[in-house]
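Input: a single structure, listed below in structure tokens.
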Amino acid sequence: MDTSETECLDNLADRELVERLGCADWDDPLFISEERLVQLFQVARAAGNTTRVGLFTSELSRRISRRSLSFALKNSLVPQHFSDIKEAAYELSAYVWERLLKDKNAQFAARRFGVFFKNQSISFLRSILAQCRARMDSLEEWHHVEREEDDGDGDDEDGGGDDADTPLQDEWTPDLVLGRARGFEQLHARLQSLLTRNEYSVFVMLWRQQMKIKDIAAALGVTPRTINNYERSIKDKINKEFNV
């Protein structure tokens with residue numbers, strides 16, 4: 001951006017700047033590109049101009065959210081990893097913003113914002129896939145151990161009848177229903193498509209690892225109430241899927 005243009009924008013009153021930022025036509029000479037927005041944001045941030053930082057942050061957030069929404073739709077983040085398209089766009093936007101605040105990234109974004117966003121979006125997607133693979137490996141390891149334990153169990157002397165001392169189940173649990181519905185190996189792919197990324201994490205930590213609600217919330221960076229909502233959603237989806 002030319003120095004003269006920067007000075008011109010700096011001399012605008014806040015209300016006039018808001019109108020200028022509202023220009024969405026790329027062919028309009030008044031349109032401010034993402035690259036220019038990043039430059040203006042950096043200048044305002046360095047100067048400690050909180051009003052201008054707020055204005056540029058708001059417009060950058062709007063454009064990043066729009067790009068994030070498009071990326072989420074094109075790459076099928078819903079329903080493979082998120083239950084809602086707005087949630088997917090929000091998570092990606094937060095990921096991009098976190099990296100935009102680093103000086104080196106901001107300098108590159110100020111030159112080629114489109115490339116910067118694409119690179120960060122791909123990195124975000126790779127991190128999700130890596131987490132999914134890690135969960136799958138964890139579940140497969142757990143299942144391998146469980147099968148070894150099952151193979152070592154002997155038959156009961158009474159012919160395998162019900163144990164009178166075993167307490168009755170007050171309510172079903174999702175892993176119990178899944179285990180009865182089909183073999184464990186066949187459920188891997190179905191769980192990935194049935195549950196969102198966070199729901200799948202809650203499923204593993206709550207019913208497999210037997211973690212407490214507050215610990216799961218801390219691990220995922222959400223509130224215990226959110227975990228309770230995930231739990232209800234998981235049960236509802238499995239209930240519907242397997243006609244429980």
Side-chain angles (χ1 to χ4, degrees), residues 1 21-28 31-46 53-138 188-205 217 219-223 226 229-230 233 237:
M1 180 167 48
L21 291 173
C23 178
D25 185 359
W26 287 16
D27 295 327
D28 192 320
F31 176 76
I32 302 177
S33 67
E34 281 93 342
E35 288 82 1
R36 292 175 180 176
L37 275 174
V38 173
Q39 293 175 21
L40 291 167
F41 170 76
Q42 287 181 292
V43 171
R45 191 182 181 199
V53 168
L55 291 175
F56 298 135
T57 298
S58 177
E59 181 60 20
L60 271 173
S61 295
R62 187 184 68 82
R63 299 194 189 186
I64 290 174
S65 295
R66 184 179 60 188
R67 285 178 177 266
S68 297
L69 182 63
S70 177
F71 182 87
L73 289 170
K74 290 180 179 179
N75 292 275
S76 302
L77 295 188
V78 176
Q80 293 186 26
H81 304 292
F82 297 92
S83 59
D84 182 79
I85 192 65
K86 291 183 179 180
E87 178 190 5
Y90 173 82
E91 292 290 345
L92 175 55
S93 296
Y95 185 92
V96 173
W97 254 117
E98 182 180 352
R99 281 142 187 83
L100 182 60
L101 293 177
K102 298 179 180 180
D103 290 339
K104 186 176 180 180
N105 290 335
Q107 292 172 11
F108 180 77
R111 297 193 305 271
R112 302 182 66 185
F113 188 86
V115 177
F116 163 77
F117 180 86
K118 181 179 180 180
N119 291 343
Q120 298 306 321
S121 298
I122 293 175
S123 176
F124 173 76
L125 184 56
R126 285 175 176 169
S127 69
I128 292 178
L129 295 176
Q131 291 175 21
C132 290
R133 285 193 296 269
R135 296 189 194 101
M136 294 296 290
D137 291 341
S138 178
H188 283 308
R190 187 62 196 137
L191 278 173
Q192 290 296 318
S193 61
L194 182 65
L195 304 177
T196 67
R197 178 168 58 97
N198 285 342
E199 287 173 347
Y200 189 81
S201 298
V202 172
F203 172 81
V204 173
M205 289 187 281
L220 296 180
V222 297
T223 64
T226 299
N229 291 335
Y230 282 138
S233 177
K237 288 182 178 181

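This is a predicted model, so every value here is computed, not measured.
Between Asn105 and Arg99, the closest heavy-atom pair is ND2-O, 2.9 Å. The two residues Tyr230 and Glu87 make their nearest non-hydrogen contact at OH-OE2, 3.7 Å.
Considering only residues two or more places apart in sequence or on other chains, Phe108 meets the side-chain contact (heavy atoms from CB on, under 4.5 Å) condition with Arg111, Arg112, Val115, Phe116, Asn119.
Phe117 has its side chain out of reach of Leu100: every pair of non-hydrogen atoms, C-beta onward, lies at least 4.5 Å apart. Between Phe82 and Ile128, some side-chain heavy-atom pair lies under the 4.5 Å cut-off. Taking the side chain as every heavy atom from C-beta outward, Ser123 and Tyr95 approach each other to under 4.5 Å. Looking at heavy atoms from C-beta onward, Ile32 lies out of side-chain contact with Cys23 at the 4.5 angstrom threshold. Using a 4.5 Å heavy-atom cutoff, the side chains of Arg67 and Arg63 are not in contact. Using a 4.5 Å cut-off on side-chain heavy atoms (C-beta onward), Asp25 and Phe31 make no contact.
Between Ser65 atom OG and Arg62 atom CZ the span is 9.5 Å, to the nearest 0.5 Å.
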Show your reasoning for whether side chain to side chain contact (heavy atoms under 4.5 Å, CB included) applies to Glu91 and Phe124.
CA-CA 9 Å; Glu91 292 290 345; Phe124 173 76; 4.0 Å; yes
Applying side chain to side chain contact (heavy atoms under 4.5 Å, CB included) to Ser61 and Trp97, what does each step give before you reach the verdict?
CA-CA 8 Å; Ser61 295; Trp97 254 117; 3.1 Å; yes
